Amino acid sequence: MKNTFIDFLNLGMQPLANSYIQNKNINKKERKYKLIIRFNENNKLVSIKNTFSSKDMFNDEYPYRSSTSKTMSHHLKQLAQNIKKTKPKKILEIGSNDGCFIRNFNRKKTIGIEPCSNVEKITKKLKYNTYPEYWSPKLATKILKKHKKVNIIFSSNTISHIKNLNEVFKGINIILDDKGLFIIEDPSLLECLKKNTYDQFYNEHIYIFSYLSLSNALRKHNLEIFKIEELKIHGGSNRYFIKKIKNNIKLHKSVNLHKYKEEKYGLNNLKTYFNFAKRVKKSKNKLLSIFKNCKKNNKKVIGYGATAKSVTILNYCHIDNSMIDYFIDTTFDKQNKYTPGTKIPIKKYSDLINDKVDYVFLGAWNFKKEIFNKEKKYIMNGGKFIIHTPYPKIISK
Ligand code: TYD
């Protein structure tokens, strides 16, 4: 099939999202790239144009930890409990991070793949079977020799980070039992467009999948989606249940229902993407005007959650350390560093009231519920938040 890529959104020059700056490197030139989003009219895949190698992005300095959010831990625990009911013999996770998912299982039952060795060490120490390697057919063959075929392959927010999808799915076919399930979770393109969350695009998110595009990519490898669960996590994700085509599990009605929603919204049509780009430009102007107003009125604004997503927003909208005093973040590896590109200091979590904060920019808007629960005191005292989705505004609850 011929590839026909059409660029529809330019998010400007961006640094690598998870490359938080150390104090000693603050004046060093950062590596930047043009963040352009494109649509492939043939296979309906939405992707970023300029990509980096996995080694550039996922190495032994990777700061992200899945377990830092209670919401995420709870979410993965629930899935693990459901999987346990099916009594699988072996479960493999691609992108096991700090073990947030596999830690819910008996050590003997799981295999974790985590190329960021600083994160992989956490589960290795706990005696989990983990490989500090990138997922590939070669690795699948190596694991097959040692462990035989697996019943479940799970991957959360990882497959969309790997450029060569053909290699990913080749590996799946090698190690997955013919009756086994491949379950993946990734941000939903439909929700991203509906909520104007353009910050889902950054160097690590090479693809934002729709059912339409993912099913095309899987079909080439005799794999198909037989069930979809629409999830609230990360601002709207899909959990795709995938099987080998030769395994005749009945197609669940959720598949056609989701497909219908995507087609109705226009995910098949280029025009939908150009309309999204127009909304993103409007969103930028509105957000910037909110920040400029805060500055004009000498308000103290801080950021909450120095997310990879907020790197896209801040750099695209040119919101820097003159507009946000500092970010707070519970991730140890981000603390005492600076946000990429915009150089806003990141501090460890602190009390919003004692710090006399007027406005909090929600970098981790996808955990709004969890954060609002935690910050009841700040909210009761009239504390306000700045959020960019579905459109930029100031909210107080
Ligand atoms: P997340 O939205 O998962 O990811 P990404 O970086 O991929 O965009 O990151 C959430 C960040 O927010 C993470 O750095 C931890 C931080 N955080 C807090 O500091 N406090 C909180 O209460 C929560 C829920 C998250």
Side-chain angles (χ1 to χ4, degrees), residues 11 14-21 35 48 57-58 61-76 95 97-98 100-101 116 118-119 155-162 185-188 191-192 195 197-208 231-237 302-316 324 326-342 344-352 355 357 360-379 383 385 387-389:
L11 293 169
Q14 294 276 350
L16 268 70
N18 268 307
S19 56
Y20 299 90
I21 311 166
L35 180 54
I48 63 170
M57 302 187 284
F58 308 112
E61 289 181 2
Y62 196 61
Y64 186 77
R65 304 285 181 275
S66 305
S67 301
T68 49
S69 145
K70 274 191 197 150
T71 313
M72 196 64 192
S73 303
H74 177 69
H75 167 79
L76 293 177
N97 198 273
D98 58 2
C100 198
F101 175 69
C116 305
N118 60 327
V119 188
S155 190
S156 170
N157 295 291
T158 301
I159 304 301
S160 57
H161 296 50
I162 309 175
E185 292 180 9
D186 274 293
S188 154
E191 291 305 307
C192 168
K195 294 178 178 149
T197 48
Y198 60 90
D199 51 331
Q200 290 287 11
F201 294 104
Y202 55 92
N203 60 296
E204 289 174 19
H205 284 183
I206 295 172
Y207 306 105
I208 301 292
L231 311 169
K232 290 213 166 76
I233 199 92
H234 288 306
S237 301
I302 70 151
Y304 201 120
T307 57
K309 291 184 284 295
S310 57
V311 172
T312 295
I313 301 178
L314 302 175
N315 285 282
Y316 174 59
I324 297 182
Y326 57 86
F327 264 86
I328 47 170
D329 199 292
T330 48
T331 314
F332 178 76
D333 280 1
K334 294 183 184 179
Q335 293 161 4
N336 303 318
K337 291 184 181 160
Y338 296 82
T339 58
T342 46
I344 302 167
I346 305 167
K347 291 197 200 173
K348 86 175 193 234
Y349 177 73
S350 62
D351 193 327
L352 302 177
D355 279 3
V357 171
V360 172
F361 170 62
L362 264 184
W365 55 267
N366 44 319
F367 295 118
K368 179 171 160 247
K369 209 170 155 195
E370 181 175 338
I371 293 170
F372 277 34
N373 255 329
K374 209 150 86 180
E375 303 306 339
K376 278 191 187 122
K377 222 166 115 193
Y378 169 71
I379 294 168
F385 292 87
I387 193 162
H388 82 295
T389 168

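Atoms within each ligand, like the ligands themselves, are counted from 1 in listed order. The model shown is predicted, which means the values in this text are computed figures rather than measured ones.
- From the protein, the heavy atom lying nearest to atom 7 (O) of ligand 1 is Tyr202 OH, 3.2 Å.
- For the pair Ser69 (side chain) and Thr71 (backbone), a donor-acceptor distance under 3.5 Å is present.
- For Tyr378 and Phe385, the gap between ring centers is short of 6.0 Å.
- Near Thr331, the atoms of ligand 1 lying under 4.0 angstrom from a non-hydrogen atom of the residue are 13 (C), 14 (O), 15 (C).
- Contact annotation: for Lys374 versus ligand 1, heavy atoms closer than 4.0 Å belong to the side chain alone.
- Distances below 4.0 Å separate heavy atoms of Ile371 from the following atoms of ligand 1: 22 (O).
- For Tyr20, no heavy-atom contact with ligand 1 is shorter than 4.0 Å.
- The distance criterion of under 3.5 Å between nitrogen or oxygen atoms is not met by Ser69 with respect to ligand 1.
- Looking at atom 8 (O) of ligand 1, its nearest protein heavy atom turns out to be Lys309 NZ, 2.7 Å.
- Checking Asp199, Thr307, Ile371 one by one against Trp365, the side chain to side chain contact (heavy atoms under 4.5 Å, CB included) holds for a single residue, Asp199.
- Both the backbone and the side chain of Thr307 come within contact range of ligand 1, each with a heavy atom under 4.0 Å.
- Of the N or O atoms in Glu370, none lie within a sub-3.5 Å distance of an N or O in ligand 1.
- The heavy-atom pair separating Ile206 from Met57 by the smallest distance is CD1-CE, 4.3 Å.
- A donor atom on one side chain and an acceptor atom on the other are found under 3.5 Å apart for Glu204 and Tyr62.
- Between His205 and His161, the two ring planes are perpendicular [angle over 60°; tilted spans 30° to 60°].
- With a 4.0 Å cut-off on non-hydrogen atoms, Asp329 touches ligand 1 through its backbone as well as its side chain.
- Counting heavy atoms under 4.0 Å from ligand 1, residue Ala308 touches it through both backbone and side chain.
- Judged by distance alone, the side chain of Ser237 and the main-chain N or O of Glu185 form no donor-acceptor pair under 3.5 Å.
- When non-hydrogen atoms are compared, ligand 1 lies under 4.0 Å from neither the backbone nor the side chain of Glu204.
- Here the closest non-hydrogen pair linking Thr68 and Arg65 is OG1-O, 2.9 Å.
- With a 4.0 Å cut-off on non-hydrogen atoms, Tyr349 does not touch ligand 1 at all.
- Remark: Lys374 fails to qualify as a cation-pi partner of Tyr304 under the 6.0 Å distance and 45° angle criteria applied to the six-membered ring.
- Atom 3 (O) of ligand 1 has Tyr64 OH, 2.7 Å as its closest protein atom, hydrogens excluded (heavy atom only).
- Residue contacts with ligand 1 for Thr330 involve both N, CA, C or O and side-chain atoms from C-beta outward (heavy atoms, distance under 4.0 Å).
- If you look at His234 next to ligand 1, the close heavy atoms, those under 4.0 Å, all belong to the side chain.
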